[in-house]
Amino acid sequence: MEQGILLRELNHRINNGLASAINLVSAAAVRVEGAEAKRALSDVVELLHGHADVQQALAMPKGKALIDAATYIRMMGSATRRSLLDRMNIRLVVATEYLPLQPERCRRLGMIVHGLVTEAAKHACFDARTGEIRIKLSRIGAVVNCVVLDNGSRSARGAAGNGLRISNDLAKGLAGRVEHGSGDEFTSVVLSFPLREREWQANCAIAERRIPRPSRRSDVSPSGTSALCTRASSPDQDSRPTAIRPDPGPPRGGQQLSAHAAADVLGELLSPGHRMDVS
């Protein structure tokens with residue numbers, strides 16, 4: 001509770017500071033003479049509004065109800081594009097699927113993704129290529145995978161920046177881990193973390209509603225749709241995804257992902273044959 005109060009106070013002060021800066025620069029833009037000076041100050045106002053949008057997008061969601069991480073990530077990405085990427089001529093592509101998460105865990109995910117996108121924009125070398133950063137958020141069984149992939153190279157010093165270390169620390173709060181990959185023309189980061197039991201139940205309920213019911217009698221038992229959620233996370237089923245090996249059944253609180261599972265995710269998503277379904 002004390003941490004929540006301090007966080008709200010910090011956000012309140014940041015928002016007030018940004019609002020004050022916007023008002024001061026806006027007033028200066030009105031008073032200043034000369035079209036070039038007015039345009040320059042107007043650009044500063046627009047930039048400050050972009051940072052205010054990012055701050056608003058990353059604010060702690062209110063209440064304790066599960067919220068959609070896909071919508072949260074898209075709002076954060078849109079604000080980041082306006083505040084940073086558009087000015088650097090870097091394209092942002094987001095591909096997500098509906099994913100209910102607890103509010104504090106959703107915000108932590110948003111902070112990690114924002115940090116990774118910012119690191120990519122600051123340190124990636126796109127050479128003559130048009131810069132592009134892709135975010136893909138998906139769930140396989142009881143494990144959430146979030147990939148941040150850009151089409152630039154990065155020096156060893158840039159790849160080990162403070163932003164990535166902060167992302168690693170934040171991932172620990174999700175009982176997850178971060179894996180990095182790089183090449184001459186790409187840099188990628190894969191965040192993987194397990195769902196908590198409440199999140200798992202909500203995601204399975206959504207999966208049940210989306211599975212079309214057969215019009216004729218089938219061999220699937222009445223609990224077959226629920227079993228699909230279980231099989232998706234069971235390593236003993238032939239139909240399990242090959243990208244990860246999550247533990248069967250609902251996740252337990254504080255469950256840690258194995259290094260082998262995270263490495264499998266990275267290898268699958270970076271394979272030449274892998275295709276991102278971009279919306």
Roughly how far, to the nearest 0.5 Å, is the CZ atom of R107 from the CD atom of Q102? 15.5 Å
Taking all heavy atoms of S167 and all of V178, pick out the closest pair and write down the distance. O-CG2, 4.1 Å
Candidates L116, I166, L170 - the one meeting side chain to side chain contact (heavy atoms under 4.5 Å, CB included) with M111: L170
Work out which heavy atom in C146 is nearest to a heavy atom in I135; give both atom names and the distance. SG-CG2, 4.2 Å
Determine, step by step, whether L99 and I73 satisfy the side-chain contact (heavy atoms from CB on, under 4.5 Å) criterion, reporting the C-alpha distance in whole Å, the side-chain angles of both residues, the deciding distance to 0.1 Å, and the verdict. CA-CA 11 Å; L99 183 69; I73 292 297; over 6 Å; no
Taking all atoms of both residues into account, what is the closest heavy-atom pair of R198 and A65, and its distance? NH2-CA, 3.8 Å
Could you state the interatomic distance from CZ (F186) to CD (E132), rounded to the nearest 0.5 Å? 14.5 Å
Check for me, please, whether M75 and L109 land in the same ILVMFWY cluster - side-chain distances under 4.5 Å, paths through other members count. no
Regarding R82 and S78, is there a side-chain donor-to-acceptor distance under 3.5 Å anywhere? yes
Minimum heavy-atom distance between L47 and S83, given as atom pair plus value: CD1-O, 3.3 Å
Intermediate values then yes/no, side-chain contact (heavy atoms from CB on, under 4.5 Å), L174 and I112: CA-CA 11 Å; L174 295 171; I112 294 173; 4.0 Å; yes
Does R74 form a side-chain contact (heavy atoms from CB on, under 4.5 Å) with D68? I'd like the steps, not just the answer. CA-CA 10 Å; R74 286 183 176 276; D68 178 25; over 6 Å; no
How close do P103 and I67 get, heavy atom to heavy atom, and via which atoms? CA-CD1, 4.3 Å
